[in-house]
Amino acid sequence: MTTETHLIIVDDDDRIRDLLKQYLTRQGHAVTTAPDAASARKLFQRFSFDLAILDIMMPGEDGLSLLKALRADGNQTPVLLLTARGQADDRIEGLRLGADDYLPKPFEPEELALRTSAIIRRSHVPPPPEEIEMSGLVFEPAKGLLNGPSGNIRLTDSELQLLTTLSRHPGEPISRETLASESSNGTERSIDVQVTRLRKKIEPDPKNPIHIQTVRGIGYRLMPD
């Protein structure tokens with residue numbers, strides 16, 4: 001991760017702010033911190049952030065109120081909430097207000113770093129091409145449609161998620177881990193199963209695939225015509 005990613009941590013606990021700033025800086029992020037919502041508001045006016053890490057339980061204006069205000073102002077910065085363990089209502093409300101993820105306290109810094117990277121990766125996903133042609137078939141990612149000479153070819157939700165993810169980076173290898181993280185099934189083993197099924201619908205010869213190719217030791221890549 002490069003320092004092009006700028007994070008803001010909003011937490012009233014000095015120890016947690018300092019710990020997370022040190023850890024995430026070592027992970028390659030630029031990190032700005034704020035002890036309360038009022039300070040954070042001023043920073044949001046001055047800077048653009050790739051991710052905001054907000055503690056819900058803060059004196060004065062809490063993290064949920066700050067999140068609600070950000071979204072009301074049209075600020076779509078991805079948000080990771082830090083919540084008290086067991087406070088399901090806060091987590092549900094945070095997701096309803098537009099948070100991208102949450103992490104109950106206490107937590108391991110490594111888990112926070114992994115969740116941070118996943119959110120940033122999802123938010124920076126480039127749009128797929130409008131159309132991808134494969135041996136007489138045309139895939140339209142924005143519409144979720146795969147059409148052939150005889151009309152629409154039905155895809156399951158998992159197959160559509162897989163094909164859409166591959167189509168964002170045509171010709172580039174994508175790891176099983178990445179494909180699994182963007183799939184509702186969410187396991188690397190299930191990705192292999194979905195690839196096999198998808199090949200039967202796309203490939204002229206599924207046993208010798210030319211469009212959904214295996215990249216040994218990594219995962220798969222999509223090769224259009």
Side-chain angles (χ1 to χ4, degrees), residues 1 5-45 47-125 157-158 161 164-165 177-188 190-191:
M1 193 70 66
T5 52
H6 189 187
L7 316 184
I8 180 170
I9 300 169
V10 187
D11 196 307
D12 62 303
D13 189 320
D14 296 345
R15 185 184 62 85
I16 289 179
R17 284 202 316 276
D18 292 343
L19 172 66
L20 294 184
K21 181 173 183 177
Q22 292 176 19
Y23 190 87
L24 292 171
T25 299
R26 290 200 299 270
Q27 299 296 313
H29 303 284
V31 181
T32 297
T33 65
D36 51 46
S39 301
R41 285 175 181 273
K42 294 177 182 178
L43 290 167
F44 276 109
Q45 292 173 357
F47 300 105
S48 176
F49 297 102
D50 294 283
L51 175 68
I53 300 172
L54 308 181
D55 183 27
I56 287 183
M57 300 294 289
M58 293 188 293
E61 184 179 7
D62 64 19
L64 290 177
S65 177
L66 177 58
L67 171 59
K68 184 176 182 179
L70 289 173
R71 295 297 186 250
D73 290 340
N75 188 315
Q76 297 302 314
T77 300
V79 169
L80 171 63
L81 291 175
L82 303 181
T83 72
R85 188 172 298 277
Q87 296 297 312
D89 290 346
D90 284 345
R91 297 198 294 270
I92 293 170
E93 178 66 8
L95 294 172
R96 188 184 69 80
L97 291 173
D100 296 80
D101 200 355
Y102 64 84
L103 186 60
K105 292 181 176 181
F107 54 81
E108 293 294 330
E110 184 178 2
E111 182 178 0
L112 181 135
L114 290 171
R115 289 178 181 268
T116 293
S117 296
I119 294 171
I120 291 174
R121 184 175 64 246
R122 290 196 300 267
S123 66
H124 288 181
V125 169
D157 289 343
S158 297
Q161 291 166 356
T164 300
T165 301
E177 180 184 9
T178 297
L179 293 169
S181 71
E182 307 218 2
S183 169
S184 57
N185 285 335
T187 67
E188 294 182 31
S190 70
I191 293 302

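In what follows, every heavy atom counts, from backbone to side chain, and hydrogens, waters and symmetry copies are set aside.
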Atom [atom1] of residue position [X] - does it have more than 12 heavy atoms of other residues, nucleotides or ligands inside 6.0 Å?
X	atom1	value
Y102	OH	no
E177	CD	no
Q76	CD	yes

Within the distance-only criterion (no hydrogens, no angle test), does the side chain of [X] pair as donor or acceptor with the backbone N or O of [Y] below 3.5 angstrom?
X	Y	value
S39	P35	no
S123	I120	yes
D62	M57	no

Residue that, paired with D101, satisfies salt bridge (Lys or Arg N to Asp or Glu O under 4.0 Å) out of R115, R122, R91: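 By the salt bridge (Lys or Arg N to Asp or Glu O under 4.0 Å) criterion, D101 pairs with just one of R115, R122, R91: R115.
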Euclidean distance, R41 CZ relative to D36 CG, rounded to 0.5 Å: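 So the gap between those two atoms works out to 10.5 Å.
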Residues S48, H6; criterion side-chain hydrogen bond (donor to acceptor under 3.5 Å, both in side chains); working and verdict: CA-CA 8 Å; S48 176; H6 189 187; over 6 Å; no
Sole residue of L24, L51, D50, T116 in side-chain contact (heavy atoms from CB on, under 4.5 Å) with T5: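 Looking at L24, L51, D50, T116, the match for T5 under the side-chain contact (heavy atoms from CB on, under 4.5 Å) is D50.
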Lys/Arg-Asp/Glu bridge criterion (N-O < 4.0 Å) met for R17, D14: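 Salt bridge present between R17 and D14.
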Passing option when K105 is tested against T83, D13, D11 for side-chain hydrogen bond (donor to acceptor under 3.5 Å, both in side chains):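 Option passing the side-chain hydrogen bond (donor to acceptor under 3.5 Å, both in side chains) with K105: D11.
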